[in-house]
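Comments concern the structure below.
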Amino acid sequence: MEFKKSFKIDKTDWECIHPKVHSWSQDGSGDCCSWEGVKCDEVTGRVIALDLSSSCLSGIMSPNTTLFRLVHMESLNLAFNSFYFSAIPYAFSNLSRLRYLNLSDSGFSGEIPHVFSQLSELISLDLSYNLELRLPNMGDFIHNLTRLKELDLLDVNLSSPIPPMLANFSSLTSLQLACCELNGDFPVSIFQLPNLEVLSVDGNSDLSMFFPKSHWGSPMLKELDLSGVNLSSHIPPMLANLSSLTWLGLSSCGLNGEFPVSIFQLPNLEVLLIDGNSNLSVFFPKSHWGSPLKFLELSWTNILGEIPTSIGNLSLLNELSALDCYISGSLPSSIGNLSHLTQLDLFENNLQGQIPVSFANLTQLSGLCLFHNNLSGDTLEWVVNMTKLTSLDISGNRLSGGFPSSFENLKQLRGLGLSLNDWHGDILSILCNLKDLESLYLDSLNLNGALDANDLFKFKSLEELYLVDSNISFAKTFINATSSKITRLYLVSCNLTEFPQFIGYLSELVDLNLSHNKIRGTIPRWMWNNSKKSLTSIDLSDNLLTSFENNQTNLLLPNLRYLNISSNLLETILPIPPPLVTLYDISNNVLFGEVSTSICEVRYLIMLDLSNNTLNGTIPPCLGNIVPLKFLNLARNKFDGIIPRVYPNGCSLRMIDLSENQLRGIVPRSLANCGMLEFLNLGDNQINDTFPFWLSELASLKVIALQSNMFHGPIEDSLSQPNFISLQIMDLSNNSFNGELPSKLLKSCHAMKVIVNQNRLAYLSIDLLADVTLVQFVRSRTYAMTLTNKGTKREYSKIPDVFVGIDLSKNKFEGFIPELIGDLKSLRMLNLSNNCLNGTIPPSLANLTIIESLDLSWNNLVGEIPQQFASLTFLSDFDVSHNRLSGPIPHGTQFDTFKRSSFAKNDGLCGSPLPNKCTNGDNVPPPSSFKVDNEEECLFDLDWRIVLGGAGGGFLVGIVLENLIIDKKSRWFLHYSKKMVEGWKR
């Protein structure tokens, strides 16, 4: 009874099922052996078992509780209670006869006491789902527990390798060590335990493993889950010999090669999870499957071919997921035989043809996702029998025709995606009868014309409405203001010219996005009259907005976290956002005046983008006091003065862009304290400094852009042991650096020495995580790149993250080109033009096998162009003009495409495309008499530059080229893009 009184009964706990201690007498009288959950020895009457699982117990577990006086206890189950993060009491060692102990999901925390190793009679131990538990030395913990048959430490923090001694626990039938932060190598001998039935080590990404080369010890293995473990190998065919397997989990293991088709035919297999292995090729069985599969997860693998008709034989299948697997062909009508199917996900594949009418037989289906395929047809009548559907997404296909009224039968539907198809009809009036509908996606549909906002209020449960790329307007009718649950409203790219009035009636609005429209004029306050307290995200970017109502720039939105008003025509001083805003973008407007120090009172800012305005004055030093700030873009304004000397104690910044201002002085040394900095662009200012050698202390730095300033002096002399290990892009062009090329710096650029292959295009970017009430959301910011060719800037809206480039042009570097540049094998662009370099072109540059653009023009180079350059098949821009080169021009492959201007003013060169023909033997034209008369003749207009030219939000697959001037010199970038895309298609 004392034990009972030490805890509260909390029936509100979601794990509470039944408070068993309620049956215990209040005064402790009576026979305790008759109490619920208590079991006594029939002879001695002593308590030998106590089962209080899911008994709603709540409170601190005291080490003095009477529980530990029950020294004859053999079985104790306290799972699924709440002990308020109590430490596990050392007094458990009193229960030396324990054979079964279950403390699963009971809220224990701290270190598991070493006295557990004294419980040598334990057969079953379950400490799983206690997320705050840790065990620093698993070997010491288990070394006496040799009788264990079942060990479950799921979600316990082990942070260590698996002790090899576990392989000696021959009685083990179940070993569950999932999500334990295990590391090191998995002892392969554990696979050979003779009685093992369950082995689960999934969710340990730092754990490496090899499959046994010969036999598996236990023919009774039923469950094997290695998901998330680092296997990085083929799947051995011997896995198909484990005939007792019911569960096989191999998700996200780095598997490659072909998946053994015989595994599909295991006679007892119910769950197969191989998703997330992008290099794994999968062939479906053409006929016999053989297994009673219920769950089949194949997403993000390479499924070769079509879905076979034989899949209809999986009569017990509940869930089939194969998204983004490159599946081709049509959907077989035999899928209609899967009468137990509840979830079917086949989105982002290459499926074609019509959706079979046999889908009408899938009456148990609750989720169907087919979006982003090439499915066609003009009927959806097969949905009529799917009355249990709660989620349906058929967006992004080529479905057409009249929208069927049968959708009214889907009374349980909560999520519906119809976007990017070609239906017609009054879709909203059909759907408004779906009273449980919560999310509705109607992007790019034929909804042309005026919509009655009152129709939206008919959706009584609607929370999310997406109308993107739809040419619509809202009729100016009287709003019959009834309650609405809309929390997320996206009216993006809808050609709206004014703010829809119904928005002012939404009282629970959280996320409002009206970007990419043609809304002009002022930003009215009535829009958030009823949602002041609920709004957390507003995006009004890419419109024609000019001002705030009554010039009141302060937005009284106390819970706002995300505010984007970029790319408008706002002509005002900088509006200070509400105090809780974390992401603030007001770039690309006409803001003027100085930046008030009030901006520093917005102390939760993670992103601040004020670029492309006309702000002036000095940069407020107090910006350094905004501790969470990761992204700072003040580029293309009129800031002057010095860069503030802040960040004495470190900072969170990962991106700084101060380019194209009028900043003077030096680069503040305190930036070396920004240890996470990846992007630094100080280009196009008036900075007068030597090379900031201390930047090499920033191990994450990927981009340095210092172009078009007044940097001066040698670089090589200022660097002792540089360490630019992550550097991908370095632009030091158009300065006054002198001396030899910085060999030590280049040698330290380890990221430039490794060619990274990618299956999918990605961009240099930063993910900005922000908390919005109980929800976290991510905004991805990608960086633009500006290339300058003979004075003309070309902006690329995104930089592929495989792009690697160096621009040292238009300086006063002299001496030889270092051979070691040939070690930077991932270079796509190298520009050393407009310097005073001499000597020969090193043949080692031919090792730059993926280089796209190479410019060595306007130097004093002699000798021949290395014939090995003919093997540079990616080279599409090459310029060695205005040197003293001689000998034959390489021919074949790319060199046959270069024009005469690439080789001009090298009188000793011969061969196509020059008119000078090469002679046999030594009878080549004499060397050029070209002379360098003075230092200035070493310089010429900058030909290639890389700068960070601002940022763009979101993510698009493919390279987007915006506002470009394309000529022969930018062909290399387009050529590279095409080759990359062709590679992905293969």
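Values below: all heavy atoms of this structure, side chains included; hydrogens, waters and symmetry mates excluded. Remember, it's a predicted structure, so these values are computed and weren't measured experimentally.
Residues Pro692 and Phe711 approach most closely at CD-CE2, 4.1 Å, considering heavy atoms. For the pair Ala846 and Thr849, the tightest heavy-atom approach, listed with the atom from each and the gap, is O-CG2, 4.1 Å. Asn256 approaches Leu280 most closely through the heavy-atom pair O-CD1, 3.6 Å. Across all their heavy atoms, Pro668 and Trp694 have their closest contact at O-CH2, 3.2 Å. Shortest non-hydrogen contact noted between Ile576 and Ile599 is CD1-N, 3.7 Å. The nearest pair of heavy atoms linking Ile162 to Phe186 is CD1-CD1, 3.3 Å.
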Let's go through Glu132 and Asn157 carefully: what are the C-alpha distance in whole Å and the side-chain angles of both, what is the deciding distance for side-chain contact (heavy atoms from CB on, under 4.5 Å) to 0.1 Å, and is it a yes or a no? CA-CA 7 Å; Glu132 301 296 324; Asn157 185 351; over 6 Å; no
May I have the step-by-step check of salt bridge (charged side-chain N to carboxylate O under 4.0 Å, His left out) for Arg669 and Glu697, ending in yes or no? CA-CA 11 Å; Arg669 177 68 183 260; Glu697 298 173 19; 3.4 Å; yes
Evaluate the side-chain contact (heavy atoms from CB on, under 4.5 Å) criterion for residues Ile656 and Leu671: first the C-alpha distance (whole Å), next the side-chain angles of each, then the deciding distance (0.1 Å), finally the verdict. CA-CA 10 Å; Ile656 300 175; Leu671 288 180; 3.8 Å; yes
Please walk me through it: do Ile817 and Leu856 pass side-chain contact (heavy atoms from CB on, under 4.5 Å)? CA-CA 10 Å; Ile817 299 174; Leu856 305 176; 4.2 Å; yes
Stepwise, does the side-chain contact (heavy atoms from CB on, under 4.5 Å) test hold for Leu605 with Met607? CA-CA 6 Å; Leu605 275 175; Met607 179 191 79; over 6 Å; no
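Judged purely by distance below 3.5 Å, without hydrogens or angles, the side chains of Ser251 and Asp275 pair a donor atom with an acceptor atom. With no hydrogens or angles considered, no side-chain donor-acceptor pair links Asp202 and Ser227 at under 3.5 Å.
For the side-chain hydrogen bond (donor to acceptor under 3.5 Å, both in side chains) test with His712, the passing option among Asp689, Asn811, Asn738, Asn688 is Asn688; the others fail. For the side-chain contact (heavy atoms from CB on, under 4.5 Å) with Ile643, the lone residue among Leu682, Asn685, Ile666, Thr618 that qualifies is Leu682. Under the side-chain contact (heavy atoms from CB on, under 4.5 Å) test applied with Ile619, the options Ile642, Leu658, Val595 reduce to a single match, Leu658.
Side chain of Asn279 to main chain of Gly254: no donor-acceptor pair is present (N/O by atom type, distance under 3.5 Å, no hydrogens or angles). Listed for the Asn204 side chain is no donor-acceptor partner under 3.5 Å among the backbone atoms of Val229. With Ser566 contributing its side chain and Asn588 its backbone, the two residues share no donor-acceptor pair below 3.5 Å. Between the side chain of Asn637 and the backbone N or O of Leu615 there is at least one donor-acceptor pair closer than 3.5 Å. For Gln728 (side chain) and Met752 (main-chain N/O), no donor-acceptor pair under 3.5 Å exists by modelled atom type. Of the possible polar contacts, one joining the Asn277 side chain to the Leu250 backbone as a donor-acceptor pair under 3.5 Å is found. Using a distance-only test at 3.5 Å, with no hydrogens or angles considered, a donor-acceptor pair links the side chain of Asn661 to the main chain of Ser659. Distance alone, capped at 3.5 Å, places no donor-acceptor pair between the Asn616 side chain and the Asp640 backbone. Asn735 places a side-chain N or O within donor-acceptor distance of the main-chain N or O of Ser733, the cut-off being under 3.5 Å. Of the possible donor and acceptor atoms, one in the side chain of Asn613 sits under 3.5 Å from a partner among the backbone N and O of Asn589.
Between the CG atom in Asn847 and the CG atom in Leu827 there is a gap of 11.5 Å [rounded to 0.5 Å]. One finds the SG atom of Cys651 at 7.0 Å from the CG atom of Leu677 (value rounded to the nearest 0.5 Å). With values rounded to the nearest 0.5 angstrom, Thr582 atom OG1 is found 12.0 Å from Ile626 atom CD1. Atom-to-atom distance recorded for Cys179:SG and Leu158:CG is 11.0 Å, nearest 0.5 angstrom. Atom CG in Leu727 sits 10.0 Å away from atom CG in Leu824 (nearest 0.5 Å). Rounding to the nearest 0.5 angstrom, the gap separating the CG atom in Leu732 from the CD1 atom in Ile715 is 5.0 Å.
In this structure the side chain of Leu698 never reaches within 4.5 angstrom of the side chain of Met676, judged on heavy atoms. With contacts defined as side-chain heavy-atom distances shorter than 4.5 Å, the pair Leu832/Leu741 qualifies. Looking at Asp585 and Tyr562, their side chains never come closer than 4.5 Å, going by heavy atoms from C-beta outward. The closest side-chain heavy-atom distance from Phe210 to Leu231 is not below 4.5 Å. Contact check for Asp609 versus Phe631: side-chain heavy atoms found under the 4.5 Å cut-off. Under the 4.5 Å side-chain criterion, counting only non-hydrogen atoms from C-beta, Met730 is not in contact with Lys702. Counting heavy atoms from C-beta outward, Phe803 and Met829 have side chains that approach closer than 4.5 Å. Here the side chains of Leu680 and Leu695 are in contact, with some heavy-atom distance below 4.5 Å.
Among residues two or more places apart in sequence or in another chain, the salt bridge (Lys or Arg N to Asp or Glu O under 4.0 Å) test is passed with Asp511 by Arg488. Residues meeting the salt bridge (Lys or Arg N to Asp or Glu O under 4.0 Å) test with Glu678, sequence neighbours left out: Arg654.
The aromatic rings of Phe737 and Phe813 lie parallel to each other, with less than 30° between the two planes, well short of the 60° mark.
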